Amino acid sequence: MPDLGIDVLFKGTNMLRLLQGLWVAMKISIVSILISMPLGILVGALMTVKNKVVKAIFRVYLEFIRIMPQLVLLFIVYFGSTRALGWNLSGEVASVIVFVLWGTAEMGDLVRGALISIPKHQYESSEALGLSKIQTYLYIIIPQTVRRLIPLSINLITRMIKTTSLVLMIGVVEMLKVAQQIIEANRMSSPNAAFGVFLVVFVLYFFACWPFSVLARVLEKKWN
Amino acid sequence: MKRKAWRNVLALALTGVLALGLTACGSSDSKTADAGSAAAADGKAVYRTLDEIKESGTINIGVFSDKNPFGYVDENGEYQGYDVYYARRLGEDLGVDVNFVSTEAANRIEYLQTGKVDVILANFTVTPERAEEVDFASPYMNVSLGVVSKDDNVITSLDNWNADDSIIVISGTTAETYLIANYPDIPLQKFDSYATAKEAFENGTSVAWANDNTEVIAFALQNEGYTVGIPSLGSADTIAPAVSKGNTTLLDWINDEIVALGEENFFHADYEATLADTYGLDYEDSLVVEGGKVNAQ
């Protein structure tokens with residue numbers, strides 16, 4: 001068994017700090033997910049309207065967010081908002097804003113895709129049954145869309161959790177940053193600690209994302 | 001009917017956007033209090049003057065949190081290191097608390113330009129390019145490159161290089177750039193990390209290892225059988241505190257402070273408290289800059 005240097009995690013409060021870092025990452029991602037999922041559904045619905053102006057606006061929004069690397073968005077919101085508007089956002093708030101903008105755009109596109117994948121006859125049949133537009137969405141379209149959305153949005157959610165590793169660039173000390181701090185603080189005494197510490201980080205990220213996969217499986221089973 | 005549904009969707013969307021906007025603003029307001037009110041858009045100063053910092057009771061100092069032994073976080077979650085020791089003293093002499101901000105090499109300038117920190121003490125090497133973006137105070141440390149080699153084959157000069165030998169460097173460091181520019185004939189063995197470079201060097205892959213002089217000094221000290229044959233190579237640079245461009249009140253105060261600290265040999269004490277374990281006392285006088293005055297060597 002090679003020396004993985006996991007023992008550095010048991011020095012002082014290192015393990016606790018790593019878990020606190022995980023909590024910071026989870027807080028940012030869960031708040032962002034809770035805000036961006038409903039907003040994304042709304043945006044997705046708006047993306048399917050026939051109005052050209054609305055469509056164009058959301059198209060530009062989606063493409064802008066999708067093309068911009070998240071790191072650039074973080075810098076724009078964190079430093080740019082101070083430069084341009086004089087706001088002094090904290091790193092956490094800036095991260096949540098970026099993740100909400102990003103999550104909403106991606107979720108919107110997923111919802112749009114799910115909506116247009118519902119065959120036209122579903123709409124026509126419900127109209128023939130005398131359902132109003134709202135009723136059609138509420139009882140016919142949305143339930144079917146949600147089922148199609150589950151695996152896609154789980155994918156997005158886990159990506160959002162993992163992407164929190166970028167927020168260290170705007171001064172938020174999350175799990176990955178704590179891991180780097182621990183490795184560097186012990187660089188001379190245990191140079192191999194990187195393997196052990198990152199192994200633990202990997203396991204922690206896994207257990208952060210795994211419940212969402214389980215939830216998705218449960219939901220899919222329930223609805224079948 | 002169709003019209004109405006449309007309006008509903010739109011109203012909902014607007015509420016959503018509004019709510020988002022409100023949460024964003026709300027949280028930013030609550031956070032501005034501790035970070036200060038200096039940042040502004042309309043050509044006003046982004047930085048906080050000396051009086052504003054004193055008034056607020058807290059100075060924001062950007063340090064590295066993962067550069068042992070200059071700025072790092074120990075196993076109890078406390079900031080430590082040469083830069084941090086100095087930062088604590090600055091806060092003490094100003095009569096304010098120090099709020100340490102974890103910075104990265106890539107965002108140090110940005111932090112100062114937006115006034116999100118008042119001072120950067122993050123192993124910040126003075127270069128002409130950086131001096132256009134931020135204001136550097138007097139230096140408190142020297143840096144240059146160094147070359148370490150085995151005791152039985154000490155390399156003291158890079159001239160007349162034997163073309164069969166190579167030098168180990170870590171990719172992306174100043175050592176790599178310097179050797180490529182100044183000694184293009186010397187073959188380099190490049191490694192991505194400190195750990196791999198160390199292993200290769202110990203296994204005798206190359207006759208020498210070039211890196212920041214602090215790094216090679218630390219290596220020779222902790223590993224039997226190695227000597228730093230060239231302790232300073234290339235241009236000698238300095239490390240200095242940096243403040244936002246134009247923040248003269250704070251800059252002048254720091255410069256006066258550094259002179260005052262020089263009288264009590266503060267940076268030597270700092271070195272002995274934080275760096276001596278890693279670099280030993282032999283290099284104290286060549287690494288430390290006291291009172292802001294660099295000795296010509």
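By convention in this document, chain letters (A, B, ...) are assigned in the order of the sequence lines, proteins followed by strands, and residues within each chain are numbered from 1. Any value given below was found using the heavy atoms of this structure, including those in side chains, with hydrogens, waters and symmetry copies removed. Only a predicted model underlies this, so the values are computations on that prediction, with no experimental measurement involved.
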Under a 4.5 Å cutoff for heavy-atom pairs, which residue among A:S81, A:G91, A:G80, A:G171 has the most contacts with chain B?
A:G171
Using a 4.5 Å cut-off on heavy atoms from C-beta on, say whether the side chain of [Y] contacts that of [X].
X      : Y      : answer
A:R187 : B:K67  : no
A:Y78  : B:E110 : no
B:N107 : A:F75  : yes

Could you tell me which portion of [X] (side chain, backbone, both or neither) has an atom closer than 4.5 angstrom to a non-hydrogen atom of chain A?
X      : value
B:V101 : neither
B:D74  : backbone
B:F64  : neither
B:E78  : neither

Any donor and acceptor pair, going by atom type alone, linking the side chain of B:N68 with main-chain N or O of A:E184 inside 3.5 Å?
yes
Return yes if some donor-acceptor pair links the side-chain N/O of B:Y111 with the main-chain N/O of A:I170 below 3.5 Å, else return no.
yes
Could you give the distance from CG (A:N14) to CG (B:N76), rounded to the nearest 0.5 Å?
8.0 Å
Counting only heavy atoms from other residues, nucleotides and ligands, does the tally under 6.0 Å from CG of B:D192 exceed 12?
no
Where does A:L16 contact chain B at under 4.5 Å (heavy atoms): side chain, backbone, both or neither?
neither
Determine whether A:F79 and B:K116 satisfy the following criterion, side-chain contact (heavy atoms from CB on, under 4.5 Å), listing intermediate values before the conclusion.
CA-CA 8 Å; A:F79 294 116; B:K116 283 177 184 287; 3.9 Å; yes
